[in-house]
Chemist: 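Got a structure here, written out as structure tokens. Questions coming.
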Amino acid sequence: LVCLTNRSEVQLTDRCEDEFEEDWTDIDAVKLADMAAGWPADAARAVKDLAQAGDGQKSLCHNSLRNRCTLPEALTTLRALLSETQGGAEVEEAAPA
């Protein structure tokens with residue numbers, strides 16, 4: 001969410017709710033996205049939902065442990081998103097440090 005919004009991680013969702021006067025799940029990800037970064041609308045929505053989605057959807061920061069996705073699930077989602085933006089090209093794995 002920090003990368004998407006270019007905002008501080010401290011109470012990020014609460015601050016965004018105050019700024020946009022909407023619940024987190026109702027805020028359009030395009031409005032949240034850092035304009036200078038040029039986030040495509042579909043990518044912004046996918047990253048927002050991956051980080052913290054509404055009820056019934058798995059996400060990394062879901063309030064319910066049962067509805068939290070695993071890191072491998074998140075990685076698969078991000079790879080699919082990247083592949084879509086690159087026209088279906090294979091996404092290379094980063095070399096271990």
Side-chain angles (χ1 to χ4, degrees):
L1 290 178
V2 172
C3 293
L4 174 66
T5 64
N6 195 26
R7 291 174 164 88
S8 168
E9 71 279 2
V10 178
Q11 296 180 324
L12 192 147
T13 56
D14 293 330
R15 289 177 178 218
C16 288
E17 287 178 336
D18 288 344
E19 180 180 336
F20 295 104
E21 298 180 348
E22 294 181 79
D23 290 336
W24 176 256
T25 54
D26 296 330
I27 301 171
D28 186 353
V30 174
K31 292 194 291 187
L32 289 171
D34 178 15
M35 297 301 283
W39 283 87
D42 57 340
R45 289 183 184 104
V47 169
K48 176 189 176 232
D49 287 345
L50 181 61
Q52 188 168 9
D55 290 334
Q57 291 180 295
K58 286 193 167 196
S59 59
L60 288 168
C61 301
H62 200 286
N63 292 334
S64 165
L65 290 175
R66 189 172 57 89
N67 287 320
R68 286 193 190 155
C69 64
T70 65
L71 290 178
E73 289 170 333
L75 182 58
T76 298
T77 300
L78 291 172
R79 283 186 175 148
L81 181 61
L82 184 57
S83 179
E84 288 172 17
T85 62
Q86 295 179 341
E90 279 293 314
V91 178
E92 291 185 28
E93 293 237 3

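Throughout, residue positions are numbered sequentially from 1 according to the sequence presented.
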Chemist: For the hydrophobic clusters of this structure (ILVMFWY residues joined by side-chain heavy atoms under 4.5 Å, transitively), does one cluster hold both Val30 and Leu12?
Modeler: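 They do not share one cluster, since no chain of ILVMFWY contacts under 4.5 Å joins Val30 to Leu12.
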Chemist: How close do Gln52 and Asn63 get, heavy atom to heavy atom, and via which atoms?
Modeler: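 Heavy-atom minimum between the residues: NE2-OD1, 4.3 Å.
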Chemist: For the hydrophobic clusters of this structure (ILVMFWY residues joined by side-chain heavy atoms under 4.5 Å, transitively), does one cluster hold both Leu1 and Val10?
Modeler: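 Different clusters.
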Chemist: Stepwise, does the side chain to side chain contact (heavy atoms under 4.5 Å, CB included) test hold for Leu82 with Arg79?
Modeler: CA-CA 5 Å; Leu82 184 57; Arg79 283 186 175 148; 5.7 Å; no
Chemist: Using modelled atom types and a 3.5 Å cut-off, is there a donor and acceptor pairing between side-chain atoms of Lys48 and backbone atoms of Trp24?
Modeler: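 Answer holds: yes.
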Chemist: State, yes or no, whether a side-chain contact exists between Glu73 and Lys58 at a heavy-atom distance under 4.5 Å.
Modeler: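 Yes. Closest side-chain heavy atoms under 4.5 Å.
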Chemist: Look at Asp28 together with Arg45 and state whether they make a salt bridge at an N to O cut-off of under 4.0 Å.
Modeler: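 The answer is yes: the pair qualifies as a salt bridge.
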Chemist: Please check if the side chain of Asp23 supplies one atom and the backbone of Thr25 the other of a donor-acceptor pair under 3.5 Å.
Modeler: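 Looks like no, no N/O pair under 3.5 Å.
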Chemist: Verify side chain to side chain contact (heavy atoms under 4.5 Å, CB included) between Thr13 and Ile27, making sure each step is shown before the conclusion.
Modeler: CA-CA 10 Å; Thr13 56; Ile27 301 171; over 6 Å; no
Chemist: Can a donor-acceptor pair be found, under 3.5 Å and without considering hydrogens, that links the side chain of Lys31 to the backbone of Phe20?
Modeler: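 No; zero donor-acceptor contacts below 3.5 Å.
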Chemist: How many angstroms lie between CD in Gln11 and CD in Glu9, if you round to the nearest 0.5 Å?
Modeler: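 Here the rounded value is 11.0 Å.
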Chemist: So does Pro72 get a backbone contact from the side chain of Thr76, meaning a donor-acceptor N/O pair under 3.5 Å?
Modeler: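 Checking the backbone N and O of Pro72 against the side chain of Thr76, a donor-acceptor pair under 3.5 Å is found.
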Chemist: Calculate, to the nearest 0.5 Å, the distance between atoms CG and OG belonging to Leu78 and Ser83 respectively.
Modeler: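 Answer rounded to 0.5 Å: 12.5 Å.
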Chemist: Looking only at non-hydrogen atoms, find the nearest pair between Ala74 and Leu60 and report the distance.
Modeler: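 Scanning both residues completely, I find the closest heavy atoms to be CB-CD2, 3.9 Å.
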Chemist: What heavy-atom pair brings Asp49 and Ser59 nearest, and what distance separates the two atoms?
Modeler: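 That closest heavy-atom pairing would be O-CB, 3.2 Å.
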